[in-house]
Amino acid sequence: MSAGMNWWDAERIGWYERAAASSSFHRLLAEDIEKIVPKGLKIVEQGCGLGYIAEILANDGYDITAEDIDGNAIRRATARSGLPIFRESDFSKELPRADAMLLIYFGRIAETDCIDRLLDAAPLIIYTASHHRGQQTDRRIRKGNIEATIDYLEQKGLPYSRKVVTYDFSQPLLSLSDARRYIARMYGEENIDAYMPFLEKGRDYPFMLRNMKTSSIFTIRREK
């Protein structure tokens, strides 16, 4: 769930934490992951961002550590959760061994071509990828990611399974100006007019930007 060094500034953290507190998104995703990964395995999450999935798994009794290159994200995850499971680390330079590796909205593995390195470190990879980024109007931004991942894994000859899930992860916003700034920073200023029609009056906040987030959960295994 991370997007690179210094991406998680105070404003983005605030937006994300409001969205996390207003939905069951992370709990539902964590429950689907728990159906795949049994307890007793050593798990490492790479690119954990603010660490919500790792926090839930740890509190549910899983042996998990979580890493991200963004120090702001790691410090916030540690402070919020109170758990000593988060570590600032550069995935490209250091990759610990584990029984299972979580990549939660990690990026495009078909483009980074990192799967062999990951499977050398852990024989089981759980990789989640969005079918689109945000609203349908912006589908072009991530068009082809799922198809590219499937093609990539099949070209590699890697055994995998896939589950498609949809969870609500709508964004609470404090004002119209907050909404416009959120859209500009997250999706680009050129998409403000396309996204504003999705803005609704909120129950607990003045506005909500609706987002039914559809994703694929890939389970990838190293060939024996």
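Listed here is the closest heavy atom pair of Cys48 and Asp68: N-OD2, 3.3 Å. The nearest pair of heavy atoms linking Pro172 to Ala19 is CD-CA, 3.5 Å. Across every non-hydrogen atom of Leu173 and Leu209, the tightest pair is CD1-CB, 4.0 Å. Taking both residues in full, the closest heavy atoms of Ser216 and His131 are given as OG-NE2, 2.8 Å, listed atom of the first, atom of the second, then distance. Residue Asn72 comes nearest to Ile13 through the heavy atom pair O-CD1, 4.4 Å, listed as atom of the first residue, atom of the second, then distance. Scanning both residues, Met208 and Ser170, for their nearest heavy atoms gives CE-CB, 3.7 Å.
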For this session: Go through the steps for Ile64 and Leu102 under the test side-chain contact (heavy atoms from CB on, under 4.5 Å), then give the verdict.
Result: CA-CA 10 Å; Ile64 183 168; Leu102 300 186; 4.0 Å; yes
Exercise. Where do Lys213 and Tyr167 land on the side-chain contact (heavy atoms from CB on, under 4.5 Å) test, with the steps shown first?
Worked result: CA-CA 5 Å; Lys213 189 177 180 70; Tyr167 315 123; 5.6 Å; no
For this session: Could you give me the CA-CA distance, side-chain angles and deciding distance for Asn59 and Glu55, then say whether side-chain contact (heavy atoms from CB on, under 4.5 Å) is met?
Result: CA-CA 6 Å; Asn59 286 331; Glu55 178 184 358; 3.7 Å; yes
Problem set entry | Derivation of the side-chain contact (heavy atoms from CB on, under 4.5 Å) call for Asp32 and Leu28 | CA-CA 6 Å; Asp32 275 320; Leu28 294 172; 5.5 Å; no
For this session: Report the C-alpha separation of Tyr160 and Tyr127 in whole Å, then their side-chain angles, then the decisive distance to 0.1 Å, and conclude whether the ring pair (Phe, Tyr, Trp, His ring centres under 6.0 Å) test is met.
Result: CA-CA 10 Å; Tyr160 74 92; Tyr127 168 64; over 10 Å; no
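Tested against Tyr16 for a ring pair (Phe, Tyr, Trp, His ring centres under 6.0 Å), the candidates Trp8, Trp7, Tyr182 yield a single pass: Trp8. A side-chain contact (heavy atoms from CB on, under 4.5 Å) with Pro96 is found for one member of Glu67, Lys42, Met101 and no other, namely Glu67.
Remark: aromatic rings of Phe25 and Tyr52 are distant, center separation not under 6.0 Å.
Under the 4.5 Å side-chain contact rule for hydrophobic residues, Phe218 and Leu103 share a cluster. Connection of Ile150 to Ile109 is established within a shared hydrophobic cluster, with ILVMFWY side chains joined at heavy-atom distances below 4.5 Å, either directly or through further cluster members.
Side-chain atoms of Glu111 and Tyr152 include no donor-acceptor pair closer than 3.5 Å. Defined by atom type and a distance below 3.5 Å, a donor-acceptor pair is missing between the side-chain atoms of Asp178 and Tyr205. Using modelled atom types and a 3.5 Å distance limit, the side chains of Ser215 and Tyr105 yield a donor-acceptor pair.
Taking the side chain as every heavy atom from C-beta outward, Val164 and Ile146 never approach each other to under 4.5 Å.
Between the Tyr62 side chain and the Val37 main chain, a donor and an acceptor come within less than 3.5 Å of each other.
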